[in-house]
Amino acid sequence: MKYLSTRGGAEPRSFSDILLEGLMPDGGLAVPETVPRFMKVKLDALRDLAYPQLAFEIIRLYVDDIPAQDLKALIEKTYTQDVFGTAEITPVTKLEPGFALLGCSNGPTLAFKDIAMQFLGHLFEYVLTKQGRSLNILGATSGDTGSSAEYAMKGRANIRVFMLSPHGRMSPFQQAQMYSLDDPNIFNIAIRGVFDDCQDIVKAVSNDARFKGEYRIGAVNSINWGRIVAQVVYYFKGYFALSSSNDEMIDVVVPSGNFGNIYAGYLAKRMGLPIRRLILATNENDVLHEFFETGCYRPRKSDETHATSSPSMDISKASNFERFIWHVCGGNEENGARKAGDRVASLWRELEHFGGFDLSEDAEWSEVRDSGFLSGASSHSARVYTIKSVFEKFGVVIDPHTADGVSVGRQLREDEVPMLCIETALPAKFEATVKEALGRAPTRPAGYEDIEQLPQSFTVLDADAGEVMDFIRDHVPQ
Ligand SMILES: *Cc1c(COP(=O)(O)O)cnc(C)c1O
């Protein structure tokens, strides 16, 4: 399996080559030259596999430069009951006939990002050890990515993590989770600013090729291909748990931000998984809902980005969306990669110059229409209402992000097709909104009761790339 760039201007690369990089050299994202497809017999054979075996059968198709037995061992080390609380890893909770939640948030930081990030921790360590290298991960987080990355990378000899977070702007639980990590290779940097400032600093540092090379700067952000492939797995797991044969169709609703989670679902569908509709749920930051409704993709400016009660979906642009557009432009068709690359490059130039693009008059729009995507947007009052009604009807407490999904899913649901909603976080992470809905805080999982009481360590810096570079220089041995 080779990986191409969405913008068509880079040499094909192998999995291990793209794993540790952010963008491709031409500024595009890595995409697989083909999306493998399971035949019916193979799909039947996957149905009863346990999570790690299923994960191996799927991930191996995208990773051909790590020996199979090594990859298998890495996957088996990752997906254990010990780390994810159950042997199923992503258990399905049926709320009512035809409607269920896929529990993806039982990893160490209580959000679905652990599913991919825990795998990445093992994978990075393996690849770096093989290459005799070390890596300094620089990231920006509004909450969930940072803690998930830190818990996955802590204690790994050849990896350091420098994580920027907006000072005083995360939920108290999220802050405690990150800042209480006591590990010599983890550096929490609280930036005087907002999440966008953090992200701008990461971009500035990564664009400094010399610094990036000298200090071996790497990324684990949502465009990381290793994360995407690991996320494909739970769509299969969820489908098999909800259906009784591979002749049935289901709809899946996904609370979305950077389009990473639902893009994995799109790959699963292209691989032959009988998903009828992929329903993309946004909160008030509805840039993706707008696209699927109108064909216009119009990323927002920072000051147009709302701070909502489902903060992990507060995005102004959706980084993985470029991959989807590449597929839609025929990137996987025979001899289609060049044309798709040129097309994506020109659309993204348009984006840069005019702040958006409009596909509704173009040939690609019918591809988008045929892709199975539907969308909807939620709001604070819809979240609060949904948390309350799901609890009253089913006795299950959901978090505000999952509530965005359930809220949108309920509107678009059709009786004859079962629906699965991806649960992206546990309610304990977002107490304030749950309290508003239920009049009481959600119960915390064991071990998290007094997390705010633990000592916290972090360094506060100005929103200035130079300061962050100095900090890295001071903490990376040469
Ligand atoms: C990251 C995150 C999302 C958004 O996922 P994307 O892959 O960026 O679309 C939704 N909910 C929660 C709780 C998250 O942490």
Side-chain angles (χ1 to χ4, degrees), residues 77-86 89-91 102-124 137 139-156 159 161-166 169-183 185-190 195 198 219-222 224 226-227 230-231 234 255 257-258 260-261 310-314 397-402 422-434 442-454 456-458:
K77 263 198 281 191
T78 304
Y79 298 109
T80 64
Q81 174 156 9
D82 201 34
V83 176
F84 289 96
T86 63
I89 308 299
T90 58
L102 182 64
C104 291
S105 314
N106 302 313
T109 74
L110 315 185
F112 84 97
K113 294 193 169 70
D114 289 333
I115 304 249
M117 210 67 93
Q118 286 289 319
F119 175 56
L120 224 54
H122 290 291
L123 195 58
F124 270 32
I137 293 168
T141 186
S142 58
D144 294 336
T145 308
S147 51
S148 184
E150 292 184 359
Y151 281 77
M153 303 296 168
K154 74 180 157 83
R156 301 194 186 277
I159 302 175
V161 178
F162 296 88
M163 190 57 66
L164 313 184
S165 52
R169 286 175 188 265
M170 294 186 289
S171 83
F173 185 96
Q174 286 178 313
Q175 179 168 327
Q177 207 172 34
M178 268 182 70
Y179 295 173
S180 66
L181 247 194
D182 183 24
D183 187 284
N185 291 343
I186 304 288
F187 301 93
N188 283 307
I189 303 175
F195 170 64
C198 300
V220 289
N221 48 16
S222 72
N224 184 284
R227 286 178 64 182
Q231 289 175 176
Y234 53 74
N258 267 322
N261 194 350
S310 47
S312 304
M313 292 157 62
D314 291 350
V397 183
I398 57 173
D399 99 292
H401 305 78
T402 309
I422 312 270
E423 174 209 59
T424 55
L426 289 195
K429 279 195 111 158
F430 302 97
E431 275 180 1
T433 308
V434 176
T443 339
R444 289 189 175 184
Y448 295 84
E449 294 88 351
D450 299 316
I451 191 165
E452 288 96 333
Q453 262 60 71
L454 298 174
Q456 300 187 3
S457 76
F458 56 95

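These values consider heavy atoms only, across backbone and side chains, with no hydrogens, waters or symmetry-generated copies.
- Using the six-membered ring where Trp is involved, Phe112 and Tyr234 have ring planes that are perpendicular, over 60° apart on the 30 and 60° scheme.
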For Glu431 and Val434, run side chain to side chain contact (heavy atoms under 4.5 Å, CB included): C-alpha distance rounded to whole Å, both residues' side-chain angles, the deciding distance at 0.1 Å, then the answer. CA-CA 5 Å; Glu431 275 180 1; Val434 176; 5.8 Å; no

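- In this structure, Asn224 contributes its side chain and Gly226 its backbone to a donor-acceptor pair below 3.5 Å.
- Under the 3.5 Å distance criterion, the side-chain polar atoms of Tyr79 are matched with a main-chain donor or acceptor of Ile115.
- To the nearest 0.5 Å, atoms CD1 (Ile159) and CD1 (Ile186) are separated by 9.0 Å.
- Under the 4.5 Å side-chain criterion, counting only non-hydrogen atoms from C-beta, Phe124 is not in contact with Arg156.
- Note that OG of Ser222 is 8.0 Å distant from NZ of Lys113, once rounded to the nearest 0.5 Å.
- Using a 4.5 Å heavy-atom threshold, the side chains of Gln177 and Ile451 count as touching.
- Of all non-hydrogen atoms in Thr86 and Pro91, the two that sit nearest each other are OG1-CD, 3.9 Å.
- In this structure, CE in Met117 is found 5.5 Å from OG1 in Thr145, a value given to the nearest 0.5 Å.
- For the 3.5 Å distance criterion, the side chains of Gln174 and Asp144 qualify, holding a donor opposite an acceptor.
- Leu110 has its side chain within reach of Pro445: a pair of non-hydrogen atoms, C-beta onward, lies under 4.5 Å apart.
- The two residues Ser165 and Tyr179 make their nearest non-hydrogen contact at OG-OH, 2.6 Å.
- Between the side chain of Arg227 and the backbone N or O of Val220, at least one donor-acceptor pair lies under 3.5 Å.
- Annotation: side chain of Asn188 is in contact with side chain of Glu150 (closest heavy-atom distance under 4.5 Å).
- The CE atom of Met170 sits 4.5 Å away from the CE atom of Met178 when rounded to the nearest 0.5 Å.
- Glu452 and Ala176 make their closest contact through CA-CB, 3.9 Å (heavy atoms, listed as atom of the first residue, atom of the second, distance).
- The backbone N or O of Ser312 lies less than 3.5 Å from a partner atom in the side chain of His401, making a donor-acceptor pair.
- Between Leu164 and Phe195, the closest side-chain pair of non-hydrogen atoms is not below 4.5 Å.
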Output, in order, the C-alpha distance, side-chain angles, deciding distance and verdict of side chain to side chain contact (heavy atoms under 4.5 Å, CB included) for Leu426 and Tyr448. CA-CA 12 Å; Leu426 289 195; Tyr448 295 84; over 6 Å; no

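- Distance alone, capped at 3.5 Å, places no donor-acceptor pair between the Ser171 side chain and the Phe430 backbone.
- Counting only distance, with no hydrogens or angles, the side chain of Arg444 and the backbone of Ala428 share no donor-acceptor pair below 3.5 Å.
- Across Ala116 and Ala230, no two heavy atoms sit closer than the pair CA-CB, 3.8 Å.
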List the steps, then state whether side chain to side chain contact (heavy atoms under 4.5 Å, CB included) holds for Glu423 with Thr90. CA-CA 10 Å; Glu423 174 209 59; Thr90 58; over 6 Å; no

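- Atom CE in Met153 sits 4.5 Å away from atom CG in Leu120 (nearest 0.5 Å).
- Once rounded to the nearest 0.5 Å, the distance linking CD1 of Ile137 with CZ of Phe162 reads 10.5 Å.
- Closest approach of Phe84 to Asp114, counting heavy atoms only: CZ-O, 3.8 Å.
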One pair to check against side chain to side chain contact (heavy atoms under 4.5 Å, CB included): Lys154 and Val161. What are the steps and the verdict? CA-CA 8 Å; Lys154 74 180 157 83; Val161 178; over 6 Å; no

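- Side-chain atoms of Thr424 and Cys104, non-hydrogen and from C-beta on, never get closer than 4.5 Å to each other.
- Among all heavy-atom pairs drawn from Ala111 and Lys429, the shortest one is CB-NZ, 3.9 Å.
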